[in-house]
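Report on one structure; see the data block that follows.
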Amino acid sequence: MRFSEATLRLPDWTETFLANEEQLYPTAHERMRLAVRLAQLNIEHQSGGPFGAAIFELTTGRLVAVGVNRVESTHCSIAHAEMLAIAIAQQTVGRYDLGSQQDLVYELVTSTEPCAMCLGAIPWSGVRSLVCGARDEDARRIGFDEGTKPGNWVQSLENRGISVLRDVLRKEAEAVLVEYLKRGGLIYNARRKESPELGR
């Protein structure tokens, strides 16, 4: 057993998929369409949960990195689509802070609003814009535990200079969640929902 290494990789199908995709996505709808398609393909390939994300240069719409949920397949609870997209984007541009260059502004587009963990990672990632498809309650409705998030999470991001756009292609993004449930996809961490027994 190796104690000095942890590797998270995107599934093999992403490379083939992206080779046939455009590299510029000028509008929020086009960028969200990519994130939702990633979520859909992730469940079709049975390579993870029903969540997709991507990071773009905001002004040009250039695709920088993608992420899909890999929690189950990698045995790693932090392998959420947003976390992988952020990590890959930072490795790609060679900076842990995507906001460190004033002339380049990055946007995170995610098929479902971020869970508590991913919400916490967004300010430190350096992205200056967040675009969401399905809502938090859409994920909770099919059984996912999204964690405890402040009711004013949108305002808290905006107070830190991160713009937030919600409900972009929400119906399409929610449909992927519902399809995952119908296919019998694993709703991981469902047993950890807030309850008096857990002291929360």
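Not measured: the values here are computed from a predicted model.
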So, Y180 and N69: side-chain donor and acceptor under 3.5 Å apart, yes or no? no
Of the non-hydrogen atoms in S77 and V71, which two are nearest, and what is the gap between them? O-CG2, 3.9 Å
Tell me, please, which residues at least two apart from Q23 pass side chain to side chain contact (heavy atoms under 4.5 Å, CB included). L63
Using the ring of each side chain (for Trp, its six-membered ring), is H45 parallel, tilted or perpendicular to W13, with breaks at 30° and 60°? parallel
Minimum heavy-atom separation for L177 and A139, please, with both atom names. CD1-N, 3.8 Å
Residues 110-120, side-chain donor-acceptor partners within the protein, below 3.5 Å, at least two apart:
residue	atom	partner	partner atom	Å
T110	OG1	E82	OE2	3.1
T110	OG1	T112	O	3.0
S111	OG	G52	N	3.0
S111	OG	G52	O	3.3
E113	OE1	D136	N	2.9
E113	OE2	R166	NE	2.7
E113	OE2	R166	NH2	3.0

Taking the six-membered ring for Trp and the full ring for Phe, Tyr or His, determine whether the centres of Y25 and F56 are under 6.0 Å apart. yes
Residue pair R183 / Q46, side-chain donor-acceptor N/O under 3.5 Å: no
Is E44 atom CD crowded by more than 12 heavy atoms from other residues, nucleotides or ligands, each under 6.0 Å away? yes
SB check R128 E107 (cutoff 4.0 Å): no
Side-chain donor/acceptor of E30 to backbone N/O of T27, under 3.5 Å: yes
When clusters are formed by joining ILVMFWY residues with side-chain heavy atoms under 4.5 Å apart, either directly or through shared neighbours, do L58 and Y106 land in the same one? no
Applying side chain to side chain contact (heavy atoms under 4.5 Å, CB included), can you list everything that pairs with R141, at least two apart in sequence or on another chain? E137, D138, E174
So, F144 versus F51, ring centres under 6.0 angstrom or not? yes
Does a sphere of radius 6.0 Å around CG in L104 hold more than 12 heavy atoms from other residues, nucleotides or ligands, not counting ones at 6.0 Å or beyond? yes
Atom CG of D12 with >12 non-hydrogen neighbours under 6.0 angstrom: no
Under a 3.5 Å distance rule, please check whether T74 uses its side chain to pair with a backbone N or O of R70 as donor and acceptor. yes
Do you know the tightest heavy-atom contact between Q40 and V176? OE1-CG2, 3.5 Å
